Amino acid sequence: MESLDLLLGGLGDAVTPENLLYAAIGVILGTFVGVLPGIGPAMAVALLLPITFGLGPTQSFIMFAGIYYGGMYGGSTTSILLNTPGESSSVMTAIEGNKMAKKGRAAQALATAAIGSFIAGTIGTLLVAFFAPTLADIGVEIGAPSYFAIIVLSMVLVTSVLGSSKLRGFISLFLGLTIGLVGLDLNTGQPRLDFDQPLLADRLDIVVVAVGIFALGEALWVAAHLRRRPLEIIPVGQPWMGKDDWKRSWKPWLRGTAIGFPFGAVPAGGAETPTFLSYIAERRLAKNGHEFGEGAIEGVAGPEAANNASAAGTFVPLLAMGIPVTATSAVMLAALTSYGIQPGPQLMDTQPDLVWTLLASLLIGNALLLVLNLPLAPLWAKLLSIPRPQLYAGILFFASLGAYAANLQAFDVFLLVVFGLLGLTMRRFGLPVLPLILGVILGPLGETRFREALTISGGDISGLVNETLAVILYAIALLAIVVPQLLGVLRRSRTDAKELVSR
């Protein structure tokens with residue numbers, strides 16, 4: 001009940017004409033960027049992050065919440081109209097949504113995606129309000145060894161479930177950890193990996209890294225594979241749903257929310273798994289199962305709700321433990337730290353007004369998303385006709401402007417180009433981006449906890465495992481690496497045995 005009172009207090013602080021204007025601007029800007037081809041929520045947030053720099057924390061977070069949910073909505077629009085998911089969690093939406101659009105039901109697909117996102121986001125945010133404080137209270141009692149083990153487990157879980165190769169995932173994580181070492185050692189004051197460049201004495205600005213890897217890297221990748229022929233855009237009218245559509249959608253919305261939130265609240269690698277599970281569940285439960293693969297509305301409603309519920313759930317580990325588990329939440333952590341705010345167990349006690357205003361702003365941004373964007377759906381669809389060369393030239397311009405605005409240093413623009421080329425290289429060789437960003441953010445925090453644990457134990461390595469929770473977490477991390485490998489070996493041996501029998 002106390003959490004509900006605090007949330008209502010946050011709503012009171014957030015609901016002013018000025019703050020509602022910032023939320024509306026955030027929703028429109030987020031949708032504008034997110035609806036463009038190949039740009040997902042993470043890239044939308046990274047690209048628009050510098051816009052919030054001139055605002056106070058409250059106004060910034062309110063606009064940021066609008067950008068966040070606007071980017072999510074934009075990703076579903078491109079999935080449905082262009083069959084081009086902005087990120088992997090939108091793939092399941094594209095499967096059925098684009099088939100619905102090709103059958104002349106784009107309006108219904110967009111409507112069920114938007115309404116499902118609103119319902120899941122609202123329920124998810126309310127659950128965050130109840131779960132995050134409890135987890136934060138537990139987190140205060142966690143020692144440095146267990147905290148370091150949590151960071152290790154998060155890295156392992158996120159890295160091991162992404163991409164087609166675990167090796168590529170760990171290579172990406174190693175790159176991120178290396179980038180996180182740049183700058184002065186916080187304990188000794190010794191420079192690390194600064195290449196005798198004074199401007200690298202401070203740690204790299206995560207905004208520059210994120211915008212370079214996401215925005216510039218994606219723009220260069222698309223430019224390298226630019227197709228001159230225009231995109232085939234499916235026309236759309238005002239999104240609406242008939243009585244039968246509502247009847248077929250409301251249960252998938254609730255089931256998708258129930259499936260998605262736990263995956264976001266636990267560091268388990270993002271929204272890909274819950275969207276897939278939601279799609280499978282709806283396919284098995286649907287009375288019109290024969291429509292799946294041909295444009296079933298349940299196949300859009302469930303995964304979109306799971307995607308947004310999982311996105312809301314990521315705020316539990318983000319606020320309570322300071323651990324991001326998706327690319328989007330990693331960029332959001334960068335936004336919080338840019339204001340000198342370090343999420344973690346103490347945040348709920350030290351800055352409660354800020355936390356509850358942020359949660360309230362998520363509710364406001366989610367509601368404005370539905371109110372503003374449903375009528376504007378035909379307009380967003382027209383944005384897809386922007387020629388690719390002009391589109392990505394604009395992205396490069398705003399990415400460069402954002403990098404310069406971070407510290408007003410031309411050197412940051414040079415770093416942006418370097419990280420943009422790194423992002424292009426990673427895409428070329430199939431390296432997932434999220435483990436790198438995770439390494440950059442969690443690497444320094446993990447190093448701090450690692451040193452605290454060793455200091456407490458007098459330098460004895462046993463200090464890393466002198467808490468029961470730490471041992472359990474290390475065991476889970478080991479199982480997460482070993483068990484999939486063993487299952488793969490068993491699967492291959494069974495396949496080989498069947499082939500021998502068939503011969």
Side-chain angles (χ1 to χ4, degrees), residues 31 34-35 41 69-86 89-124 234-261 271 274-289 291-312 366-378 380-381:
T31 307
V35 81
Y69 279 117
M72 296 283 288
Y73 176 82
S76 65
T77 301
T78 54
S79 297
I80 291 168
L81 298 183
L82 286 180
N83 198 27
T84 306
S89 59
S90 299
V91 169
M92 306 313 294
T93 301
I95 292 175
E96 300 297 331
N98 189 248
K99 293 288 178 61
M100 286 182 66
K102 289 180 177 178
K103 292 168 66 175
R105 286 173 50 80
Q108 289 78 8
L110 288 171
T112 193
I115 297 171
S117 298
F118 167 75
I119 292 173
T122 301
I123 294 175
I234 299 170
V236 57
Q238 292 293 346
W240 64 277
M241 293 173 60
K243 183 178 179 181
D244 185 60
D245 294 324
W246 281 94
K247 184 178 179 181
R248 293 175 58 179
S249 294
W250 72 271
K251 288 182 180 178
W253 290 334
L254 297 179
R255 283 193 290 261
T257 302
I259 292 172
F261 183 82
T275 54
F276 175 76
L277 291 177
S278 174
Y279 181 82
I280 295 299
E282 296 309 323
R283 187 163 189 163
R284 291 182 176 177
L285 294 173
K287 296 178 180 178
N288 305 305
E291 289 188 18
F292 275 78
E294 302 296 330
I297 195 169
E298 295 91 341
V300 178
E304 266 304 295
N307 185 11
N308 281 265
S310 175
N366 201 26
L368 284 178
L369 169 74
L370 192 67
V371 172
L372 295 178
N373 279 337
L374 274 180
L376 292 176
W380 299 131

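The residues of the chain are indexed from 1 along the displayed sequence. Since this is a predicted model, take the numbers as computed values, not measurements.
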Exercise. Can any side-chain N or O of Thr257 pair as donor or acceptor with the backbone N or O of Trp253 at less than 3.5 Å?
Worked result: yes

For this session: Could you walk me through whether Leu254 and Ile123 pass the side-chain contact (heavy atoms from CB on, under 4.5 Å) test, one step at a time?
Result: CA-CA 9 Å; Leu254 297 179; Ile123 294 175; 4.3 Å; yes

Problem set entry | Heavy-atom closest contact (Ile259 atom, Ala281 atom, distance) | CD1-CB, 4.4 Å

Exercise. With no hydrogens and no angle check, is any side-chain donor or acceptor of Thr122 less than 3.5 Å from a backbone partner on Phe118?
Worked result: yes

Problem set entry | Check: Ile115 and Trp246 side chains under 4.5 Å, non-hydrogen atoms | yes

Exercise. Which heavy atom of Ala120 sits nearest a heavy atom of Ala305, and at what distance?
Worked result: CB-O, 3.2 Å

Exercise. Can you check whether Ala301's main-chain N or O pairs, donor with acceptor, with Ser249's side chain at less than 3.5 Å?
Worked result: no

Seminar exercise, completed: To the nearest 0.5 Å, atom OG1 of Thr31 lies from atom CG of Leu369 at 6.0 Å

Seminar exercise, completed: When rounded to the nearest 0.5 Å, the distance separating CD of Glu96 from CZ of Arg105 is 11.5 Å

Exercise. If only atom types and distance count, is the side chain of Glu304 paired as donor or acceptor with the main-chain N or O of Ser117 below 3.5 Å?
Worked result: no

Exercise. Leu285 versus Glu298: any side-chain heavy-atom pair under 4.5 Å?
Worked result: no

Problem set entry | Nearest non-hydrogen partners of Gly256 and Ser278, listed with the distance | CA-OG, 4.0 Å

Problem set entry | Verdict with reasoning, Met100 to Ile297, per side-chain contact (heavy atoms from CB on, under 4.5 Å) | CA-CA 8 Å; Met100 286 182 66; Ile297 195 169; 4.0 Å; yes

